[in-house]
Peer 1: 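Just passing along the structure, written as structure tokens.
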Amino acid sequence: MHDERRQDVLQRHGLTETQDGFTVTLAGFQKAAQRARGLRATGNEEAARMLALDPADPARWEYARCLQIDAFSKEAHESGF
């Protein structure tokens, strides 16, 4: 994948890349919360537990980061880069 395209996809998913891996941005946190609400609606207990946490809880932010990394990875795989 071209670096410019990769950056666009990362930004769309609310992620930034650091030497230590990925960090979720506020926009990414909000997108992840929306995804988690959809998962909760389908009966996903983990999503329900995470949404019950305070938005400032580090565990909730980590869950959001993981959801967004998953979405980024799926898009990367589907686009073939």
Side-chain angles (χ1 to χ4, degrees):
M1 165 182 273
H2 298 284
D3 191 50
E4 185 177 307
R5 169 91 168 109
R6 180 180 172 83
Q7 290 305 315
D8 289 343
V9 175
L10 283 169
Q11 184 177 2
R12 182 171 45 259
H13 291 289
L15 294 168
T16 57
E17 195 166 16
T18 68
Q19 289 179 333
D20 297 327
F22 295 105
T23 302
V24 68
T25 65
L26 178 58
F29 181 82
Q30 292 167 336
K31 288 177 183 186
Q34 184 176 16
R35 288 185 66 209
R37 285 190 293 275
L39 291 169
R40 180 181 61 191
T42 66
N44 185 298
E45 292 179 20
E46 183 180 34
R49 283 192 303 273
M50 287 300 115
L51 287 169
L53 294 174
D54 185 273
D57 189 310
R60 187 164 172 175
W61 278 83
E62 180 61 17
Y63 183 71
R65 185 180 77 88
C66 292
L67 281 178
Q68 292 311 100
I69 290 171
D70 182 59
F72 169 76
S73 297
K74 284 180 182 174
E75 184 173 343
H77 180 72
E78 289 171 2
S79 69
F81 60 84

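Small disclaimer: the values here were computed from a predicted structure and weren't measured.
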Peer 1: Could you tell me whether R12 and D8 make a salt bridge, using a distance below 4.0 angstrom between a side-chain N and a carboxylate O?
Peer 2: no

Peer 1: Measuring from T42:OG1 to R37:CZ, what's the distance to the nearest 0.5 Å?
Peer 2: 13.5 Å

Peer 1: Can you see which heavy atom on Q68 is nearest to which on G28, and at what distance?
Peer 2: CG-O, 3.5 Å

Peer 1: Is there a side-chain contact between L67 and M50 (heavy atoms, below 4.5 Å)?
Peer 2: no

Peer 1: With a 6.0 Å cut-off (strictly less than), is the heavy-atom count around CD of Q34, excluding the residue itself, greater than 12?
Peer 2: no

Peer 1: Testing the basics here: between E17 and R6, what is the closest heavy-atom pair and its distance to 0.1 Å?
Peer 2: OE2-NH2, 2.8 Å

Peer 1: Suppose the criterion is ring-ring contact (aromatic ring centres under 6.0 Å, His included): which pairs have a residue in residues 40-71, not counting sequence neighbours?
Peer 2: F29-W61

Peer 1: Are the side chains of T25 and Q30 in touch, meaning some heavy atoms are under 4.5 Å apart?
Peer 2: no

Peer 1: Which atom pair, heavy atoms only, marks the closest approach of A59 to L53?
Peer 2: CB-CD1, 3.9 Å

Peer 1: For the residue pair A36 and A47, what are the closest heavy atoms and their distance?
Peer 2: O-CB, 3.5 Å

Peer 1: Might you work through the salt bridge (charged side-chain N to carboxylate O under 4.0 Å, His left out) test for R49 and E46, ending with a clear yes or no?
Peer 2: CA-CA 5 Å; R49 283 192 303 273; E46 183 180 34; 5.4 Å; no

Peer 1: What are the two closest heavy atoms between R60 and A33, and how far apart are they?
Peer 2: NH2-CB, 4.4 Å

